[in-house]
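Take a look at the structure set out below.
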Amino acid sequence: MSDRSLLVVVLAAGEGTRMKSRLPKVLHKVAGRSMLHHVLAATRAAGATRTAVVVGPGREDVAAEASRIVPDAQVFVQTERLGTAHAVLAARAALEQGADDVLVLYADTPLVRAETLARLRAPLAEGAAVAALGFEPEDPTGYGRLVTSGNELVAIREEKDATTAERAIRFCNAGLMALAGKDALSILDRIGNANSKGEYYLTDAVEIARADGRPAVAAKADADEVAGVNSRIQLAEAEAILQQRLRRAAMAEGVTLIAPETVFFSADTVLGRDVIVEPNVVFGPGVTVGDDVVIHAFCHLEGAQLETGVSIGPYARLRPGTRLEAGVRIGNFVETKAAHIESGAKVNHLSYVGDAHVGAGANLGAGTITCNYDGFSKYRTEIGAGAFIGVNSALVAPVTIGAGAYVGTGAVITSDVPEDALAIARSRQVVKEGWAREFRAARAEAKKKA
Ligand code: UD1
Ligand code: CA
């Protein structure tokens, strides 16, 4: 990685009206994380030494997300929306601190990869003052056009200001730009707003640099990578592209996806080798899966850690705080939450295990429910190693089942069960010989009379 210092300026002051949302556009999620988070993660991977984020007025929520991802990010407010160059200059204090390279990105372009940022920035080390990122969209309408001559970038012309010949150019401005730190402020301060929109265009940086005799160049990216998100339709398109990337990356690292198009990952999903994921599985944020795990069809996981050789589903729901140690088996229609289940334990059918610790090798029968909530507080259930919980048992927390204990079928357990004990907690069965026959006869007689 380059040893040149890098200031990243992320523009996040857009209004995002086309999203038709109360949530700011850049906080909408793709693969489980905000668009702003994606952009900041890419810039961090590209070696950002300082980060400035430009937000709109009153956008404390966007500022908070920026600080959560990059704790030392500087947040600037653009009070009036006067154009992309004006937005960059809102971060003047950060630019004045100086950096070898400056990279400007839009927070609504979440798919850009660190490798592409490195390619965009590389010409600065060779003396370029400005580098823009171009791409060839299927439909160039609305984009600025990159006017090139050989390897040189001559100008970026906004569509509204372009001549017919310039409009015919298919090489378009993605919006990302790299500027030499020593030139950046002087160039930005000279950008005016004498154009058809009356805005301060960042794209004018190219012609100003050239007038100074400083070179400008263009790098190229895939259209998929620089697609901006302005609407919910484009949000779904970005999601599809990212899911495709995540699936391919998982398979390349030794995960079998039987029907990849039906499996949905989060950007932070971690998967081991020889994992098998059957169709229709959703990984929410915070999931780590060890080697040799099998995830049967129709499972939903979030905030869960699965160690080597675990098997879950079909139809299992693992909620945050779930930790399944090696070889644990979780079967169909089982829900877990804040549950640490030690190695080899089994919860095979129709159970809820919440706020619980289950010891190694324990067996929870079908329909075992931890009753962890009284409407006000949550309580813990402790199940010792090797314990055996009979079918359809309600364990009323707080409660402890000792190691090796047996709980008889159909129990309602309200007090602790000692180690190796048997607890039976159900009402005694009553049998009345002939009762049903007499009952039917009486009913038939009554019907005849009626
Ligand atoms: C811009 C580029 C255009 C490029 C296109 C790619 C300029 C002048 N034009 O056009 O060449 O093809 O992006 O999508 O740069 N923003 C602010 N404050 C402002 C204005 C914009 O923060 O005052 C942010 C927006 O939130 C957005 C980004 O900058 O994320 C781009 O702004 P937008 O108005 O969408 O620019 P375009 O006209 O699309
Ligand atoms: Ca735009």
Side-chain angles (χ1 to χ4, degrees), residues 8-19 24-28 34-36 38-40 52-59 62-63 66 75-92 103-112 120 130-148 153 155-162 166-167 169-179 187-188 191-208 216 218 220-221 223-231 234-235 238:
V8 166
V9 180
V10 178
L11 305 189
E15 280 157 7
T17 40
R18 276 183 283 163
M19 295 297 282
K25 175 165 77 172
V26 300
L27 297 188
H28 280 264
S34 71
M35 292 199 266
L36 178 60
H38 281 285
V39 170
L40 291 173
V53 180
V54 178
V55 305
R59 287 272 82 118
V62 178
V75 177
F76 298 92
V77 178
Q78 185 193 21
T79 44
E80 268 184 296
R81 234 175 151 272
L82 302 179
T84 44
H86 181 262
V88 177
L89 279 171
R92 179 182 292 279
L103 203 50
V104 178
L105 300 96
Y106 302 161
D108 61 3
T109 307
L111 302 179
V112 69
L120 175 61
V130 178
L133 191 63
F135 72 117
E136 286 189 17
E138 259 173 52
D139 176 8
T141 311
Y143 290 108
R145 307 297 207 281
L146 298 187
V147 183
T148 53
L153 178 59
I156 305 178
R157 197 72 68 218
E158 291 308 293
E159 184 165 88
K160 282 196 172 160
D161 303 289
E166 284 166 344
R167 274 185 207 193
I169 297 171
R170 303 196 58 87
F171 195 31
C172 291
N173 180 28
L176 295 83
M177 187 177 277
L179 297 148
I187 291 175
L188 291 166
I191 291 176
N193 64 352
N195 52 53
S196 60
K197 277 181 154 180
E199 283 189 2
Y200 296 87
Y201 287 167
L202 176 61
T203 45
D204 285 354
V206 172
E207 282 166 290
I208 293 172
K220 195 171 174 187
D224 268 2
E225 202 183 327
V226 292
V229 172
N230 298 303
S231 65
Q234 290 171 338
L235 185 70

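For the numbers below, each heavy atom of this structure counts, side chains included, while hydrogens, waters and symmetry mates do not. Quick note: residue numbers are just sequence positions, from 1. Owing to the predicted nature of the structure, the values given are computational and were not obtained by experimental measurement. Just so you know, ligand 1 is whichever comes first in the structure, and atom 1 is the first atom listed for that ligand.
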Identify which of G83, G16, G134 has a heavy atom lying nearest to atom 23 (O) of ligand 1.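 It is G83 that holds the nearest heavy atom.
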Relative to atom 18 (N) of ligand 1, which among Q78, R81, M35 owns the nearest non-hydrogen atom?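 The nearest heavy atom belongs to Q78.
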[X] neighbourhood, listing ligand 1 atoms whose heavy-atom distance to it stays under 4.0 Å:
X    : value
T84  : 7 (C), 8 (C), 15 (O), 20 (C), 21 (C), 29 (O), 31 (C), 32 (O)
E158 : 2 (C), 3 (C), 7 (C), 8 (C), 9 (N), 10 (O), 11 (O)
K197 : 38 (O)

At the 4.0 Å heavy-atom cut-off, does [X] count as touching ligand 1?
X    : result
H86  : no
C172 : no
K25  : no
V54  : no

All ring-ring contact (aromatic ring centres under 6.0 Å, His included) counterparts of Y201, not counting sequence neighbours: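 Here no residue qualifies.
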With nothing but distance in play, are any N or O atoms of [X] less than 3.5 Å from an N or O of ligand 1?
X    : value
G144 : yes
G14  : yes
N173 : yes

I'd like to know if E199 and R81 make a salt bridge, using a cut-off of under 4.0 Å between side-chain N and carboxylate O.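 Salt bridge between E199 and R81, a charged N being under 4.0 Å from a carboxylate O: no.
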If you look only at pairs with a residue in residues 137-147, which of them pass as a side-chain hydrogen bond (donor to acceptor under 3.5 Å, both in side chains), with sequence neighbours excluded?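 Sorted result for residues 137-147: D139-T141, R145-E159.
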